[in-house]
Amino acid sequence: MSATPAQVQRIYLLLTLLTTLAASFIWGINTLFLLDAGLNNTEAFAANAFFSIGMVLFEVPTGVVADTRGRRFSFLLGALTLLASTALYLVMWQIEAPFIGWALASMLLGLGFTFFSGATEAWLVDALGATGYRGNLETVFGRGQVIAGVAMLTGSVAGGVIAQLTNLGVPYVLRAVMLGVAFVAAWHFMRDLGFKRKTGVHTIDAVKDVARGSIDGGLRNRPVRWLMLAAPFTGGVGFYAFYAMQ
C-alpha cells in the first residue's frame, strides 16, 4: 500500500474521532445505567473501579502485543474487545446480572482500552516516518486532541439526550455500532507502515522487561515516585466526583 503523509493523518484523525465518540456515548449515564441494572451505589462505584483495575493489569501485556504483532492488530483487538464487552453490558442490564458479572465485564472494558492505548499514536509515528513526513509531530497530535475533544463533548451530551428521549440502553447500542464502524475503518485503511516487528522475543520476557523499566524509571526515581503514589488519590477523587455527579 502506498500512502502519503496527508492520508496517514486523515486515517489517524478518523480513528481518533470514531473511538472517542464511541467511548463518550455512555460517560454521562454510566452510573445511572448500573443503578438501573439493579446495583446499589457501592456496587456501581466498585464496578467502575474494576475497569481501572483492568487497565492497570493489561496495560503492559497489550503494549507488548502492539510491539510484536503490530499496531493494527492491537487496534482491531481493542475494537472487538470493547464491542463484545459493551454487548455484554447490555445483556447484563436486561437480566439484572449479579455484581461479579459487572466486575468481570468492566475489567474486559479496561482490556479493550489498553489495546488502543498508545497503539494508534505509535502507528501514526511509524507511518509518518515511512511516508517521508518532515513536519512537526506535535501539530498532528494537536489536531488529534482537538478532534478527540469535540468528539468527547458531542458524544457525552448526545448520549445523555438520547438516553432521556429513549432509554438507558440506547447509548450502549450506539457505542457498539460506532466500534463496529471503527473496526471496519481500521481493517480497510490502517496498515502497519514503517513498523518493524520484534522477533525472537518471548511475550513473558517482554512484559518483564517493560515492567522492570517502569519500576526503574518510576518508583525508583524519587520525583516520579511521589507523583505515582499521589496519583491514586488525586485520580480517585476526580473519578468519584465524575460518577457521583450523575
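The residues of the chain are indexed from 1 along the displayed sequence.
With hydrogens and angles disregarded, no donor-acceptor distance shorter than 3.5 Å links the side chain of R71 to the backbone of A119. Of the possible polar contacts, one joining the W102 side chain to the A97 backbone as a donor-acceptor pair under 3.5 Å is found. At distances below 3.5 Å, at least one donor-acceptor pair connects side-chain atoms of S24 with backbone N or O atoms of A151. Side chain of S106 to backbone of A47: a donor-acceptor contact under 3.5 angstrom is found. For T20 (side chain) and L17 (main-chain N/O), no donor-acceptor pair under 3.5 Å exists by modelled atom type. Between the T86 side chain and the L82 main chain, a donor and an acceptor come within less than 3.5 Å of each other. For S74 (side chain) and F115 (main-chain N/O), a donor-acceptor pair under 3.5 Å exists by modelled atom type. Side chain of T114 to main chain of L111: a donor-acceptor pair is present (N/O by atom type, distance under 3.5 Å, no hydrogens or angles).
Using a 4.5 Å heavy-atom cutoff, the side chains of F45 and Y240 are in contact. For the pair D36/N167, no side-chain contact is recorded, criterion being any heavy-atom separation below 4.5 Å from C-beta on. A 4.5 Å side-chain heavy-atom check between I53 and M107 finds at least one atom pair inside the cut-off. Taking the side chain as every heavy atom from C-beta outward, Q9 and L128 approach each other to under 4.5 Å. Between M152 and W27, some side-chain heavy-atom pair lies under the 4.5 Å cut-off.
Ring geometry, Y89 versus F33: the interplanar angle falls under 30°, so the pair is classed parallel (tilted spans 30 to 60°).
Linking Ile, Leu, Val, Met, Phe, Trp and Tyr whenever their side-chain heavy atoms come within less than 4.5 Å leaves L179 and F183 in two separate clusters. Put simply, L168 and I26 are part of the same group of oily side chains (I, L, V, M, F, W, Y) that touch within less than 4.5 Å, one to the next. No continuous path of hydrophobic side-chain contacts links L80 to L21 [ILVMFWY only; heavy atoms under 4.5 Å]. No path of Ile, Leu, Val, Met, Phe, Trp and Tyr side chains, each step under 4.5 Å between heavy atoms, connects V56 with I215, placing them in separate hydrophobic clusters. V184 and M178 sit in two unconnected hydrophobic clusters of ILVMFWY residues. Membership requires side-chain heavy atoms under 4.5 Å apart, directly or through other members.
The CG atom of L108 lies 14.0 Å from the CZ atom of F50; values are rounded to the nearest 0.5 Å. Between D126 atom CG and F195 atom CZ the span is 7.5 Å, to the nearest 0.5 Å. Annotation: the span from L90 atom CG to W93 atom CH2 amounts to 7.0 Å, rounded to 0.5 Å. Between atom CG of residue L219 and atom CE of residue M228 there is a gap of 4.0 Å, rounded to the nearest 0.5 Å. For the atom pair CZ of F99 and CE of M92, the computed distance is 10.5 Å after rounding to the nearest 0.5 Å. In this structure, CE on M190 lies 9.0 Å from CG on L124, to the nearest 0.5 angstrom.
A pairwise comparison of heavy atoms in L109 and S85 identifies CD2-OG, 3.0 Å as the closest pair. Smallest separation of non-hydrogen atoms from G144 and T16: O-CG2, 3.7 Å. For the residue pair F116 and E121, the shortest heavy atom distance occurs at O-OE1, 4.4 Å. Pairing each heavy atom of G160 with each of I29, the nearest pair is CA-CG2, 4.0 Å. Of all the heavy atoms in L76 and A186, the pair that sits closest is CD2-CB, 3.8 Å. Smallest separation of non-hydrogen atoms from A182 and T19: CB-CG2, 4.4 Å.
Remark: R72 qualifies as a cation-pi partner of W187 under the 6.0 Å distance and 45° angle criteria applied to the six-membered ring.
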List the steps, then state whether side chain to side chain contact (heavy atoms under 4.5 Å, CB included) holds for L88 with L104.
-> CA-CA 10 Å; L88 184 58; L104 294 174; over 6 Å; no
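The only option from F141, Y12, Y133 that meets the side chain to side chain contact (heavy atoms under 4.5 Å, CB included) definition with V125 turns out to be F141.
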